[in-house]
Novice: 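Before I ask anything, let me first share the structure, which is written out below as C-alpha cells.
Hydrogens, waters and symmetry mates play no part in the numbers below; they use all other heavy atoms, side chains included.
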Amino acid sequence: MVEALCGLLPEADIFTLFYDPDLISPAIRSHRIRASFLQPFRNHYRSLLPLMPMALESFDLRGYDLVVSSESGPAKGVILSSATRHVCYCHTPMRYLWDLYPAYRNDWVRSRLKRAIMTPFANYLRLWDYASAARVDDFVANSANVRRRIWKTYRRESVVVQPPVAVEQFYWKPPEDYYLVVSELVAYKGLDTAVRAFAKIGRKLCVVGDGPEFRSLRRMATGNIEFCGRASDEQLRELYARCRAFLMPGEEDFGITVVEALASGKPVIALGRGGAVETVPVAEPLGGLLYSDATEDALCKAIELWERREHLLVPQALQAYAARFSAAEFTRKMKPILFGPPSPGGDVGDL
C-alpha cells in the first residue's frame, strides 16, 4: 500500500509512528522518513497505543497541501491547517476499540487487572478516534465491508478502492497435498477453528505466520498441522503455488492473502463474512466457496464439499480474475481522488 502511494506521490515525505529501516523497501527508503518520538520503543508497539494520539499530534505538517493517511489505527489523527486537504485510506476503524471490543475485553483478555486498566483507556481512545475522523476531508475504504464500518463508526461516507496486490509476482504449480493458511496468529483471525477442523479430518495444514496465539494453537494441533513461522516473499509465493487450497477462517477487512492465492491459481475456502464476500469468486470462474458458520464442523463440511468440486477448477481463470486487484488498477482509481477537485462538503461520493 505505502509503495503504491509512493508511486503516486514520488516527492512525498513519509511520517510514521514507527519503522524498521532494515525491513522497508528501496521504494519507501528513497523518501524522507520521519518517525515519531515513540520510535525508540518500537519493539513494544502493542503497549504504546495510549500514547499514539500524542505522537501523531506532535508531527509538524505545516506547508503541505495534501496529506494522505493510510491506517487501520490512529494515523488520521494528525493536526493540519485549514488549507491542507486530508485523504484517509482506511483499512478499517480500529477493531479492538469498536466492533471487536467486547470480544477483546471479555474473551481474549483473561486478567482482571488488565481488563480494569483497559476499560478507561479504551473509552478515552474511542472518544479521540471519533473526534479525529472529523479532521479528514475524504475517506477511502479498502472494501465495501470497511465502507460500512466507516459509516457505522464515524458516520462518514467513503469511496471504495481495493488495495493494490502485486498479482503478477505469483504463479501456479501442480498442487501438493496440503492446505494453506497465511495469517498473523491473533485471536480474531479464527485460526483455532482451522486447527481443530484439521485435527478432526486429518488433512495436512500449513500455517504461515506468527503472533501471540502461537502457543495456544500449537497445543491444540495434531501431527498433520505444521507451523511454518514467518516466511520470506519467495517462500510464501512457493507455498501458495503448491498448495491444494487456501483457507481464511476469520472475518477480514479485505483479504489480501485471498487475492494472492487467487493470483497463484489456487481456490479459496473462506468464512462468508467481510472482505471474502467481495473477493472470492464462487460462480464463474469457480474459485472456491464460502461457508456461513464460524465453527470447525462448518469448515469440515466446506472442505468436504470443495473436494467434490475440485475437478472444476481452472487456475488460469482465477489468475485472470485476480488481475482486477493489481497495483495498476489501484493507481487508476486513486489518481482522480488525490488529484481531482475536492468533493463538495468534504465527502467522496461513489466513482
Novice: Are F18 and L48 close enough, and set up right, to give a side chain to side chain contact (heavy atoms under 4.5 Å, CB included), and what steps lead you there?
Specialist: CA-CA 11 Å; F18 319 96; L48 295 174; 3.8 Å; yes
Novice: Given side chains that start at C-beta, do those of S81 and R62 come closer than 4.5 Å, heavy atoms only?
Specialist: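 Sidechains of R62 and S81: no contact.
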Novice: Would you mind checking if E157 and R147 are paired as a salt bridge, meaning a charged N to carboxylate O distance below 4.0 Å?
Specialist: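 A salt bridge links R147 with E157.
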Novice: Test your reading of the model: is there a side-chain donor-acceptor pair from R29 to the backbone of I24, 3.5 Å cut-off?
Specialist: yes
Novice: Show your reasoning for whether side chain to side chain contact (heavy atoms under 4.5 Å, CB included) applies to R309 and L289.
Specialist: CA-CA 10 Å; R309 304 170 67 187; L289 56 84; 4.1 Å; yes
Novice: Nearest 0.5 Å please: distance from the CG atom of L313 over to the NZ atom of K266.
Specialist: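 NZ of K266 is found 8.0 Å from CG of L313.
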Novice: Ignoring hydrogens and angles, tell me if any N or O in the side chain of H31 forms a donor-acceptor pair with the backbone of A12 under 3.5 Å.
Specialist: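 Indeed, once roles are kept as given, a pair shorter than 3.5 Å links the two residues.
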Novice: Do D177 and R203 meet the salt-bridge criterion of a basic N to acidic O distance under 4.0 Å?
Specialist: no
Novice: With side chain to side chain contact (heavy atoms under 4.5 Å, CB included) as the criterion, how do F254 and V259 come out once you've worked through the C-alpha distance, each side chain's angles and the decisive distance to 0.1 Å?
Specialist: CA-CA 9 Å; F254 169 73; V259 177; 3.8 Å; yes
Novice: Determine whether E238 and Y171 satisfy the following criterion, side chain to side chain donor-acceptor pair (under 3.5 Å), listing intermediate values before the conclusion.
Specialist: CA-CA 8 Å; E238 189 69 14; Y171 51 88; 2.6 Å; yes
Novice: To the nearest 0.5 Å, what is the distance between CZ on F121 and CG on L49?
Specialist: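 Going from CZ on F121 over to CG on L49, the span is 9.5 Å.
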Novice: Using atom types as modelled and distance alone, determine if a side-chain donor or acceptor of Y89 lies under 3.5 Å from a backbone N or O of V161.
Specialist: yes
Novice: Just by distance, no angles: are the side chains of Y178 and E226 close enough, under 3.5 Å, to form a donor-acceptor pair?
Specialist: no
Novice: At their closest point, which heavy atom of S47 faces which heavy atom of H44, and how far apart are they?
Specialist: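 The answer is OG-O, 2.9 Å.
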Novice: Minimum heavy-atom separation for V146 and H91, please, with both atom names.
Specialist: CG2-O, 3.0 Å
Novice: Is the distance between the ring centroids of F37 and F59 under 6.0 Å?
Specialist: no
Novice: How far does SG of C228 sit from CG of L205, to the nearest 0.5 angstrom?
Specialist: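 Interatomic distance, C228 SG to L205 CG, rounded to 0.5 Å: 8.5 Å.
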Novice: Is a side-chain donor or acceptor of R155 paired with a backbone partner of K152 at a separation under 3.5 angstrom?
Specialist: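 Looks like yes, one N/O pair under 3.5 Å.
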Novice: Side chain of N224, backbone of F198: donor and acceptor closer than 3.5 Å?
Specialist: yes
Novice: Look at E260 together with R237 and state whether they make a salt bridge at an N to O cut-off of under 4.0 Å.
Specialist: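 Judged by the 4.0 Å cut-off on N to carboxylate O distance, E260 and R237 do not form a salt bridge.
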Novice: Testing E184, E213, E252 for salt bridge (Lys or Arg N to Asp or Glu O under 4.0 Å) with K189, which one passes?
Specialist: E252
Novice: May I ask you to say whether E251 pairs ionically with R149, meaning some side-chain N is under 4.0 Å from a carboxylate O?
Specialist: yes
Novice: Would you say the side chain of V181 lies within less than 4.5 Å of the side chain of V195, judging by non-hydrogen atoms?
Specialist: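 No, too far: nothing below the 4.5 Å cut-off.
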Novice: Does this structure show an ion pair linking K301 with D297, if we count only N-O contacts that are shorter than 4.0 Å?
Specialist: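 D297 and K301: not salt-bridged.
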Novice: Evaluate the ring planes of Y154 and Y130, with Trp represented by its six-membered ring, and classify them as parallel (under 30°), tilted (30 to 60°) or perpendicular (over 60°).
Specialist: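 Taking Y130 first and then Y154, their aromatic rings sit tilted (interplane angle of 30° to 60°).
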Novice: Ignoring hydrogens, what is the shortest heavy-atom contact between A116 and P120? Give both atom names and the distance.
Specialist: O-CD, 3.0 Å
Novice: In terms of hydrophobic clusters joined by side-chain contacts under 4.5 Å, are M52 and V2 together?
Specialist: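 Shared cluster, no.
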Novice: With no hydrogens and no angle check, is any side-chain donor or acceptor of T84 less than 3.5 Å from a backbone partner on Y64?
Specialist: yes
Novice: When you measure from the side chain of S183 to the backbone of L185, do you find a donor-acceptor pair of N or O atoms at a distance under 3.5 Å?
Specialist: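 Checking the backbone N and O of L185 against the side chain of S183, no donor-acceptor pair under 3.5 Å is found.
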Novice: Treating Ile, Leu, Val, Met, Phe, Trp and Tyr as nodes and any side-chain heavy-atom pair under 4.5 angstrom as an edge, say whether M1 and I14 lie in one connected cluster.
Specialist: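 The answer is no; the residues belong to distinct hydrophobic clusters.
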Novice: How close do L5 and F330 get, heavy atom to heavy atom, and via which atoms?
Specialist: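 Closest heavy-atom pair between L5 and F330: CD2-CZ, 4.2 Å.
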Novice: Using atom types as modelled and distance alone, determine if a side-chain donor or acceptor of S158 lies under 3.5 Å from a backbone N or O of V140.
Specialist: no
Novice: As an exercise, state the distance from OG of S69 to NZ of K76, rounded to the nearest 0.5 Å.
Specialist: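 Answer for the OG-NZ pair, S69 versus K76, is 8.0 Å.
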Novice: Measuring from atom CG of L290 to atom CE of M248, what distance do you get when rounded to the nearest 0.5 angstrom?
Specialist: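 That separation rounds to 8.5 Å.
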Novice: Same cluster or not: are I117 and L97 linked, directly or through other Ile, Leu, Val, Met, Phe, Trp or Tyr residues, by side-chain heavy atoms under 4.5 angstrom apart?
Specialist: no
Novice: Are the ring centres of Y101 and Y96 closer than 6.0 Å?
Specialist: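 Ring centres of Y96 and Y101 not closer than 6.0 Å.
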Novice: I'd like to know if M54 and F15 are part of one continuous hydrophobic network [Ile/Leu/Val/Met/Phe/Trp/Tyr, side-chain heavy atoms within less than 4.5 Å].
Specialist: yes
Novice: Charged N to carboxylate O under 4.0 angstrom, R244 versus E307?
Specialist: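 Yes.
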Novice: Between Y179 and F246, is the ring centroid distance below 6.0 Å?
Specialist: no
Novice: Take E296 and T193, measure what side chain to side chain donor-acceptor pair (under 3.5 Å) needs, and give me the verdict at the end.
Specialist: CA-CA 5 Å; E296 60 264 33; T193 302; 5.2 Å; no
Novice: Specify the closest pair of heavy atoms between L17 and S36, including all atoms of both residues, with the distance to one decimal.
Specialist: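 Between these two residues, the closest heavy atoms are O-OG, 2.8 Å.
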Novice: Is R105 reaching over with its side chain to a backbone N or O of P102, donor-acceptor style, under 3.5 angstrom?
Specialist: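 Pair absent, no side-chain N/O of R105 close to backbone of P102.
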Novice: Please test V67 against V87 for side chain to side chain contact (heavy atoms under 4.5 Å, CB included), starting from the C-alpha separation and ending with a verdict.
Specialist: CA-CA 6 Å; V67 168; V87 177; over 6 Å; no
Novice: For a quick check under 3.5 Å, do T295 and D293 share a side-chain donor-acceptor pair by atom type?
Specialist: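 No, because no side-chain N or O of T295 sits under 3.5 Å from a partner of the opposite role on D293.
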Novice: Considering only NZ, NE, NH1 and NH2 on the basic side and carboxylate oxygens on the acidic side, decide whether E329 and R332 come within less than 4.0 Å.
Specialist: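 Salt bridge present between E329 and R332.
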Novice: Determine yes or no for a side-chain-to-main-chain donor-acceptor pair under 3.5 angstrom, with Q39 supplying the side chain and Y19 the backbone.
Specialist: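 Flag set: sc Q39 to bb Y19 pair under 3.5 Å.
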